[in-house]
2 protein chains.
Amino acid sequence: MNPSQHVDRLIRKLETLAALSDEEKQALRGLPLTVKAFKADQDILREGDNPAECCLVLEGMVFRYLMLDDGRRQIMGFYIPGDIPDLQSLHITTMDHSVASLVPTTVAFIPHQSLNELNARHPTIANALWRDTIVDAAMFRLWMVGLGQKSAHERLAHVLCELLVRFKAVGLAEDEQTCAFPITQTELGDALGLTTVHVNRVIQDLRRDGLITLGRGSLCINDWERLRQRAKFNPLYLHLDGREARP
Amino acid sequence: MNPSQHVDRLIRKLETLAALSDEEKQALRGLPLTVKAFKADQDILREGDNPAECCLVLEGMVFRYLMLDDGRRQIMGFYIPGDIPDLQSLHITTMDHSVASLVPTTVAFIPHQSLNELNARHPTIANALWRDTIVDAAMFRLWMVGLGQKSAHERLAHVLCELLVRFKAVGLAEDEQTCAFPITQTELGDALGLTTVHVNRVIQDLRRDGLITLGRGSLCINDWERLRQRAKFNPLYLHLDGREARP
DNA sequence: CGGACCGTTGAGTAGAGTCAATGTGGGTGG
DNA sequence: CCACCCACATTGACTCTACTCAACGGTCCG
């Protein structure tokens with residue numbers, strides 16, 4: 001991946017949030033990016049940090065999580081290339097959770113100062129970024145609905161639907177029904193509020209019913225419509241606006 | 001409550017998010033507010049709506065919720081005077097959830113256009129509002145942690161701690177340990193992912209242990225420190241320290 | 001070849017749900 | 001003013017989803 005592709009990833013993501021003029025794209029290309037590689041399972045940001053930059057995912061995959069004192073861990077979201085998982089640090093200085101890599105990952109750090117200057121000069125970009133934090137919040141709300149109201153089967157099906165749709169939205173799905181899935185069953189459990197054992201049993205049910213093929217870092221949804229029904233998945237909350245979200 | 005107090009409620013809230021100059025406060029006072037009263041249990045906004053204005057809570061209390069097809073309901077947050085529960089509608093046009101009154105409530109509607117003009121002219125206010133949506137997201141994340149990882153006892157204790165702290169932050173607590181609590185056990189259940197029956201049993205445990213007095217629309221936390229420990233409550237996520245970030 | 005990590009399986013348990021009935025206080029209409 | 005109603009709170013008995021504990025299997029990799 002060469003440097004100009006780095007910012008293209010960001011532009012492509014922002015274009016899912018707002019239409020950008022050539023001038024605005026040019027301004028984005030002027031952002032100073034510091035690229036850094038992480039191995040799998042490394043913290044990129046930790047609870048309590050006061051970062052002076054935001055991190056844009058270029059390759060790989062990251063997740064946000066909060067660890068409780070007694071070792072319980074809640075994973076709050078998975079992030080794919082083009083996402084800026086700590087955009088909120090622009091406005092709340094202290095991280096109230098951590099961000100870590102799921103697999104070997106490269107990220108680009110963008111100084112808060114550069115982003116603030118960009119926002120001051122280009123309100124469209126500022127609004128697109130604001131919109132991104134708002135869509136983030138919409139995803140949290142929907143995960144809350146899952147954790148509070150849905151069964152283990154519905155929750156698991158939902159996260160599978162969500163990831164395929166999001167990969168497709170940024171053009172990174174392998175094909176119409178297949179995408180990367182480097183998430184272990186333990187991590188899935190921490191995301192869904194379930195134990196590893198139970199996640200395993202539910203996955204086997206989905207496999208047995210012919211809905212998915214899951215393994216070796218890859219997810220294939222063999223029967224989108226039935227999985228969608230089982231998950232009660234409705235992509236409205238992703239606010240992908242017009243960009244069709246149906247595999 | 002007279003008209004000038006309406007906007008004061010908003011100013012007081014925004015001052016928990018950023019320091020405001022006199023000029024900025026003056027600009028806020030120029031906002032056109034349309035005040036409207038709602039009875040208890042009325043929808044103020046519904047999933048699917050495309051509102052052209054934001055609603056500021058003046059008196060009473062509201063909550064956000066999402067209803068699933070089969071009648072299950074997840075409540076996503078409770079909002080008190082000074083809060084703008086649908087601020088995100090400025091940037092995502094279609095409501096992906098509903099907002100309703102818990103008790104008789106008055107709200108002020110502020111046209112999106114006025115807010116956008118204000119934001120264009122006063123970056124500090126725009127950033128304060130952005131920050132508000134980000135703090136909102138932080139609250140969703142913490143609720144997620146509760147729903148995913150915590151026991152019924154921890155969750156219930158947590159929501160009680162949160163509400164008292166938030167009432168105190170905007171000066172609306174009755175005293176140091178008492179605030180309004182017009183939430184039924186059914187509603188608490190829908191917020192915490194529990195049944196009414198179980199909520200009731202947990203409340204009784206907390207009462208039996210002398211931690212709270214709860215009833216008749218009022219909550220008194222008799223032993224803050226023990227309740228806080230039981231909830232593992234840490235108010236960091238509310239980001240009430242204000243003015244953290246001034247780009 | 002051995003360890004580490006992840007996935008899989010089985011047996012027993014418990015936290016929370018379900019169903020159903022009863023208690024209680026505030027509001028309302030006759 | 002009283003009787004009734006209704007929403008909310010409370011209680012008990014029973015059930016079930018998901019958890020716990022524990023062991024075993026597969027695969028990658030040094």
Side-chain angles (χ1 to χ4, degrees), chain A residues 39-42 63 68 70-75 100-104 146-160 181-208 212-219 230, chain B residues 39-42 61 63 68 70-75 100-104 146-160 180-208 212-219 230:
Chain A
K39 299 197 189 76
D41 286 313
Q42 280 193 293
F63 64 103
L68 302 182
D70 55 9
R72 288 177 290 180
R73 175 178 72 163
Q74 177 67 39
I75 291 178
S101 59
L102 218 39
V103 280
L147 290 167
Q149 303 301 326
K150 292 191 179 177
S151 69
H153 282 75
E154 289 171 313
R155 275 181 264 175
L156 185 54
H158 198 278
V159 74
L160 302 180
F181 197 86
I183 306 174
T184 66
Q185 295 183 2
T186 304
E187 287 153 352
L188 270 180
D190 286 348
L192 302 175
L194 301 169
T195 56
T196 307
V197 172
H198 202 61
V199 166
N200 182 272
R201 290 180 171 131
V202 175
I203 286 175
Q204 288 179 58
D205 287 344
L206 294 179
R207 283 204 273 246
R208 195 170 307 123
I212 60 166
T213 307
L214 180 59
R216 300 169 182 282
S218 169
L219 162 69
R230 197 167 294 199
Chain B
K39 299 197 190 75
D41 286 312
Q42 280 193 293
M61 209 159 152
F63 64 102
L68 302 182
D70 56 7
R72 288 175 291 178
R73 175 178 72 164
Q74 178 67 38
I75 290 178
S101 58
L102 218 39
V103 281
L147 290 168
Q149 304 301 326
K150 293 191 178 178
S151 69
H153 282 76
E154 290 171 312
R155 274 181 265 175
L156 184 54
H158 198 277
V159 74
L160 303 180
F181 196 87
I183 307 173
T184 66
Q185 295 182 3
T186 303
E187 286 154 351
L188 271 180
D190 287 347
L192 301 174
L194 301 170
T195 56
T196 308
V197 172
H198 203 61
V199 167
N200 181 272
R201 292 182 169 126
V202 174
I203 286 176
Q204 289 179 59
D205 287 343
L206 294 179
R207 284 205 272 247
R208 194 171 306 123
I212 59 166
T213 306
L214 180 60
R216 294 160 191 288
S218 168
L219 162 69
R230 196 167 294 199

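Computation of the quantities below employed the complete heavy-atom set of this structure, encompassing side-chain atoms and omitting hydrogens, waters and symmetry-equivalent molecules. Here is the naming used below: chain letters follow the sequence lines, and residue numbers restart at 1 for every chain.
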Exercise. Measuring from B/Leu147:CG to A/Gln149:CD, what's the distance to the nearest 0.5 Å?
Worked result: 8.5 Å
Exercise. Base, backbone or nothing for each nucleotide of nucleotides 14-30 of chain D, written B, S, -, heavy atoms under 4.0 angstrom, 5' to 3'?
Worked result: ----BBBB------S--
Problem set entry | Rounded distance (nearest 0.5 Å) linking atom CD1 of A/Ile212 with atom CZ of A/Arg207 | 6.5 Å
Problem set entry | Sole residue of B/Thr195, B/Asp190, B/Asn200 in side chain to side chain donor-acceptor pair (under 3.5 Å) with B/Gln185 | B/Asn200
For this session: Find the distance between NE2 (A/His153) and CG (A/Leu192) and round it off to the nearest 0.5 Å.
Result: 12.0 Å
Exercise. Atom CG in A/Leu214, atom CG in A/Leu160: separation rounded to 0.5 Å?
Worked result: 6.5 Å
Problem set entry | Length of the CG-C1' vector between B/Asp41 and D/dC6, whole Å | 13 Å
Exercise. In whole angstroms, how far is the C1' atom of D/dT10 from the CG atom of B/Asn200?
Worked result: 5 Å
Seminar exercise, completed: A/Gln204 has its side chain closest, among C/dT8, C/dT9, D/dT10, to C/dT9
Seminar exercise, completed: Output for pair (B/Thr186 OG1, B/Leu194 CG), nearest 0.5 Å, gives 12.0 Å
Problem set entry | Interatomic distance, B/Ile203 CD1 vs D/dT11 C1' [rounded to whole Å] | 15 Å
For this session: Pull out every residue in residues 181-191 of chain A that has a heavy atom closer than 4.0 Å to any atom of DNA chain C, ordered by number, or say none.
Result: A/Thr184, A/Gln185
For this session: Could you tell me whether the phosphate oxygens of C/dT8, OP1 or OP2, come under 4.0 Å of any side-chain nitrogen or oxygen in A/Arg208?
Result: no
Seminar exercise, completed: The side-chain contact (heavy atoms from CB on, under 4.5 Å) partner of B/Leu188 among B/Thr196, B/Ile183, B/Val202 is B/Ile183
Seminar exercise, completed: In terms of heavy-atom contacts, B/Glu154 and B/Arg230 come closest through CG-O, 3.3 Å
Exercise. Does the side-chain contact (heavy atoms from CB on, under 4.5 Å) test come out yes or no for B/Leu68 and B/Arg73, once each step is laid out?
Worked result: CA-CA 6 Å; B/Leu68 302 182; B/Arg73 175 178 72 164; over 6 Å; no
Exercise. Could you state the NZ-P distance from B/Lys39 to C/dG27, rounded to the nearest angstrom?
Worked result: 16 Å
For this session: Using whole Å, report how far CG of A/Leu156 lies from P of C/dG7.
Result: 12 Å
Problem set entry | Whole-Å distance separating the CZ atom of B/Arg72 from the P atom of C/dG17 | 13 Å
